[in-house]
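Written out below as structure tokens is the structure these notes cover.
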Amino acid sequence: MAVESRYDFRRIEAKWQRYWEENGFYIVEEDPYKPKYYNLEMFPYPSGALHMGHVRNYAIGDVVARFKSMQGFNVLHPMGWDAFGLPAENAAIKHGIPPAKWTYANIDNMRQQLKSLGISYDWNREVTTCSPDYYKFTQWLFLQLYHMGLAYKREAAVNWCPSCATVLANEQVVDGACERCETAVEKKNLEQWFFKITDYAERLLNDLDRLTGWPDKVKTMQRNWIGRSEGCEFSFTVKGSGEKIPVFTTRPDTVFGVTYMVLAPEHPLVNTLVAGTEYEAKVREFVEKMKNLSEQARTSAEAEKLGVFTGRYAINPVNGEEVPIWLANYVLMDYGTGAIMAVPAHDQRDFEFAKKYNLEIRVVIQNPENELPLDGSLTEAYVGDGVMVNSGKFNGLSAKEGQSAVIKFMEANKIGRGAVNYRLRDWLISRQRYWGAPIPIVYCDECGIVPVPFEDLPVILPEDVEFRPTGESPLKYVDEFVKTECPSCGKPARRETDTMDTFVCSSWYFMRFASPHAANRPFLKPAVDYWMPVDQYIGGVEHAILHLMYARFFTKVLYDAGMLSCEEPFTNLLTQGMVLKDGAKMSKSKGNVVSPEDTIEKYGADTTRLFILFASPPERDLEWSEQGVEGCHRFLNRVWRLVVDLAKWQKETSNAVSVLSTSDRDLRYKVHYTIHKVTEDIEKRFNFNTAISAIMELVNAMYQYRDSMGNKMNPQVVKEALDSLILLLAPFAPHIAEELWEGTGHQGSVHRQPWPTWDEAALERSEMEIVIQVNGKVRDRIRVPVDITKEDLEELALTQVKKSIGKKHVVRVITVPRKLVNIVVK
RNA sequence: GCCCGGGUGGCGGAACAGGCAGACGCAACGGACUUAAAAUCCGUCGGCCGGUGACGGCCGUGCCGGUUCGAGUCCGGCCCCGGGCACCA
């Protein structure tokens, strides 16, 4: 045999990585004669180096890709870089390295690391979101959304550090203070760009039902995030001015219980309501205080209800009652209409607020099981079902009936209408940052907001810029960038200096992979129609909401634009768990980081991958164990020695045996059982840990066969076992599998072989083991022929456990075919 | 508080449809080989009790209860750990 006796993983891994690269081994093209399989792992942010979470993600993806490929699919397995983002700017400020240089250096390093892992990527399709070739089309897609009416501009609050004079990301705000200078962060309103994802709320919600290949957990999270609720919208009228204040409620049945109303502190009407009144000063003070609190701090469960009276009253349109108008911390401008009708008797938050500020609490839904006191001695809000009282002509209706009856009444009297509200908000895509895709918009004094024409793209992000230590975007000060001509009238104009949220870049990269070099369009229709949707998407559960929701949104928009034929981007989703060390997530601050590079250097890529796949099923968290890694390394050595030894024996032996001995048949059984088990574990359950266990058991069985048979081994049985073992191992440990495949005299790469299939006949056994229970407790095990009759089996079982039965008499006998006999005695 | 996961030997985990609890691996211990070590190979390995012994009995999957001939698995209640989210009207 051409294989050396020592498992030299360094030599082997380098050899095959070079072979794959030189032969363009994983480069794919559309092939109408093969079924396609698009396998995708979430592309990484190029932070500098791979961490174990990446290795896990890509090892899992590579098993699926190689497995599907051996099964005859035309597999697309691409990789790229989510390369815009804040860390590059921080590096620029801290170390004076331009973001582009820093980012590309990281990419080069991480690409090298990925290659050293031997992942089967088609590197010809690599995409990098910070490259003009790519962000040209991110901008193109922005324009597409703009022209579809899905991109718009409005004021929205940002975190503002007055000392740094810059906008901060949520992540840069630590306990309400700037992470750089610890100045208290303020809220500041800026004009910002939004995508109208709320237009797609209903479809994003409904189509979750179609995603049968997604974990329920993720679908539930998305459903809660969209937060659809049904109710009605109607307006209160401000007494004196006649202004209308629209409110949304899910409980129109309680509208007769309204005793006050509340506006969000940011509500646009607040100023006009209090201007020039004695309440003005107090209200302004309250608004100021609320403004700089984060939404979390304002609305957390522990936070006390806080409010202020405006001095004004509003008229309830259903009964003409006047109720006071308050402002309160618990009402948010971003949800619903930014104003609520308050029904303290039937809403806990309103109840707490009313108690604190001595507002009336009026019961309008009576609890049929436990009558509520009507004298104001209620101790908590009653939010359950019941009968309407104190509600005029609606009295006697159930709360449920009342909801539709009140809506009907409002619609008939043109007071309000049934409405659906979502928790989902529009997607704010403006970032006051440098390192992102520039928003392709020009501001002209004559023409206003003018989109950059498609043919003028890309709007190039200047790479030679100076950073200020404050973190402020340098883009505003690059004259060559800002100063431009209006595409419409040709007069001098200014460019938009905000860049796009990096989630925009990652909302379409999976489509770009279909035709990564297309020069005039984001992707070519025949290519995306061939490859999309992604058959298997794999990544961390932390992206369960934002990234996956935005990617679904983009897919639907582009479907509507006629650019795509699918409405959902990811048919199957696998969310992988974290990699832990000593029970905690690996992190620099905890000092429990294990470097993939070191592990690969010490044990090899095959060992590293094998351990990560073996230690835990993909969905669960994984505890890192150096000893576990060593165990996997030992296993690969054990495989190596076995194959070397058996192959050598095979070559030297000449005896052809046609009759199979019992041991031969037992080994064949094990071989085919393992093929069956590994195939199903990969395909149906993604349980790579049990698949690897099964391969380990096969190896143990092969050693046993060799040791007990010696030269009586059957060469055909040995060959079948060896070939199967190497083929089954190929997706998990691709380098050693190649080397052993070649070393056992095969032509061509192991990864180009068809996936082994099991022989049902080999799985048929003449005997089986049956468990005998007495009253559900195992008392004995017997071997019986598989074709034994039920009667014979039960009789046999009864005699077998006579002692356990003793003097008791048999009440019942339960026989589970091929498994057990349970004798019930009394 | 709500939602979603999870809790099985010393450890990672297995038990796929209610039917042998602890596969496979790690660690530990005992032994073989070796001058020695490494590597490798063989054996033991949930707890308690009984037996010189092959072996036998009882208990055991976070806790309490239930359904069932039979429960790690199903149902009800509770405890603990992890993740996500929120005054969402």
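Sequence lines set the chain letters: A, B, ... in the order given, protein chains first and strands last, and positions in each chain run from 1. Below, each value reflects all heavy atoms present in this structure, side chains not excepted, and no hydrogens, waters or symmetry copies.
One can place CG of Leu613(A) at 19 Å from P of G12(B), the figure rounded to the nearest angstrom. At whole-Å resolution of the value, CH2 in Trp640(A) and C1' in U40(B) are 18 Å apart. Spacing between atom CZ of Arg779(A) and atom P of G56(B) amounts to 10 Å, rounded to whole angstrom units. Taking atom OH of Tyr330(A) as the reference point, atom C1' of G1(B) lies 17 Å away to the nearest angstrom. Atoms CZ (Phe635(A)) and P (U40(B)) sit 14 Å apart, rounded to a whole Å. In this structure, Glu352(A) atom CD and A89(B) atom P are separated by 16 Å, rounded to whole Å.
For the pair Ser229(A) and A89(B), the criterion of a side-chain N or O lying under 4.0 Å from OP1 or OP2 is met. Residue Arg349(A) places at least one side-chain N or O under 4.0 Å from the OP1 or OP2 atom of C88(B). Listed pair Arg685(A) / C16(B) fails the phosphate criterion, with no side-chain N or O lying under 4.0 Å from OP1 or OP2. For A39(B), the OP1/OP2 oxygens have no side-chain nitrogen or oxygen of Arg641(A) closer than 4.0 Å. The side chain of Lys777(A) places an N or O atom within less than 4.0 Å of a non-bridging phosphate oxygen (OP1 or OP2) of C59(B).
Nucleotides C74(B) and A17(B) have their C1' atoms positioned 13 Å apart, rounded to a whole Å. When the P atom is used for both G31(B) and A38(B), the distance is 14 Å, rounded to whole Å. C11(B) and A28(B) have their C1' atoms separated by 11 Å, given to the nearest Å. Nucleotides G82(B) and U61(B) place their P atoms 24 Å apart, quoted to the nearest Å. Between G53(B) and U35(B), the two C1' atoms lie 38 Å apart (nearest whole Å). Comparing the same atom, C1', in A15(B) and in G66(B) gives a spacing of 24 Å after rounding to whole Å. Across the P atoms, G57(B) and C4(B) are found 44 Å apart, a figure rounded to whole Å. C45(B) sits 15 Å from C24(B) when the C1' atoms are compared, rounded to a whole Å.
The side chain to side chain contact (heavy atoms under 4.5 Å, CB included) search around Leu580(A) returns Met578(A), Lys585(A), Asp621(A), Glu623(A), not counting sequence neighbours. The side chain to side chain contact (heavy atoms under 4.5 Å, CB included) check on Arg638(A) picks up Arg641(A), Val699(A), Asn700(A), Tyr703(A), with sequence neighbours excluded. By the side chain to side chain contact (heavy atoms under 4.5 Å, CB included) test, Val778(A) is found to be paired with Val771(A), Gln773(A), Arg781(A), residues two or more places apart in sequence or in another chain being considered. Partners of Phe286(A) according to the ring-ring contact (aromatic ring centres under 6.0 Å, His included) rule, which considers only residues two or more places apart in sequence or in another chain, do not exist here. Not counting sequence neighbours, the partners of Lys602(A) by the side-chain hydrogen bond (donor to acceptor under 3.5 Å, both in side chains) test are Glu626(A). For His543(A), there are no side-chain hydrogen bond (donor to acceptor under 3.5 Å, both in side chains) partners, not counting sequence neighbours.
For residues 688-707 of chain A, the set of pairs meeting the salt bridge (charged side-chain N to carboxylate O under 4.0 Å, His left out) definition, not counting sequence neighbours, comprises Asp645(A)-Arg706(A), Lys670(A)-Glu697(A). Here side chain to side chain donor-acceptor pair (under 3.5 Å) pairs that include residues 809-826 of chain A, with residues two or more places apart or in two chains, are Glu794(A)-Thr815(A).
In summary, of the residues considered (Val629(A), Leu613(A), Thr599(A)), a side chain to side chain contact (heavy atoms under 4.5 Å, CB included) with Thr608(A) occurs for Thr599(A) alone.
A donor-acceptor pair shorter than 3.5 Å can be found between the side chains of Asp426(A) and Thr198(A).
By the 30° and 60° cut-offs, the orientation of the rings of Phe236(A) relative to Phe234(A) is tilted. Using cut-offs of 30° and 60° on the angle between ring planes, the pair Tyr550(A) and Trp427(A) is parallel.
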Side-chain donor-acceptor pairs of residues 256-265 of chain A under 3.5 Å, sequence neighbours excluded:
residue	atom	partner	partner atom	Å
Thr259(A)	OG1	Glu360(A)	O	2.7
Tyr260(A)	OH	Tyr330(A)	OH	3.3
Tyr260(A)	OH	Asp350(A)	O	3.1

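Using a 4.0 Å heavy-atom distance criterion, Ser625(A) is classed as making no nucleic acid contact. Using a 4.0 Å heavy-atom distance criterion, Asn637(A) is classed as making no nucleic acid contact. At a threshold of 4.0 angstrom between heavy atoms, the contacts of Arg818(A) with the nucleic acid are absent.
If Met221(A) and Ile340(A) are placed on RNA chain B by their nearest nucleotide, the residue sitting closer to the 5' end is Met221(A).
Its glycosidic angle being more than 90° from 0, G30(B) falls on the anti side.
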What pairs of nitrogen or oxygen atoms, one from the protein and one from nucleotides 5-11 of chain B, lie under 3.5 Å apart?
none

Under 3.5 Å, N/O pairs linking protein and nucleotides 18-25 of chain B:
residue	atom	partner	partner atom	Å
G19(B)	N2	Gln773(A)	OE1	3.3
G19(B)	N2	Asn822(A)	ND2	3.3
C20(B)	O2	Arg781(A)	NE	2.6
C20(B)	O2	Arg781(A)	NH2	2.9
A23(B)	O2'	Glu697(A)	OE2	3.1
A23(B)	N1	Ser693(A)	OG	3.4
G25(B)	OP1	Asn700(A)	ND2	3.3

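Base-pairing analysis of RNA chain B finds the following stems of at least three consecutive Watson-Crick or G-U pairs, with both pairing distances under 3.5 Å: B:1-7 with B:79-85, B:10-12 with B:24-26, B:28-32 with B:40-44, B:46-50 with B:55-59, B:62-66 with B:74-78.
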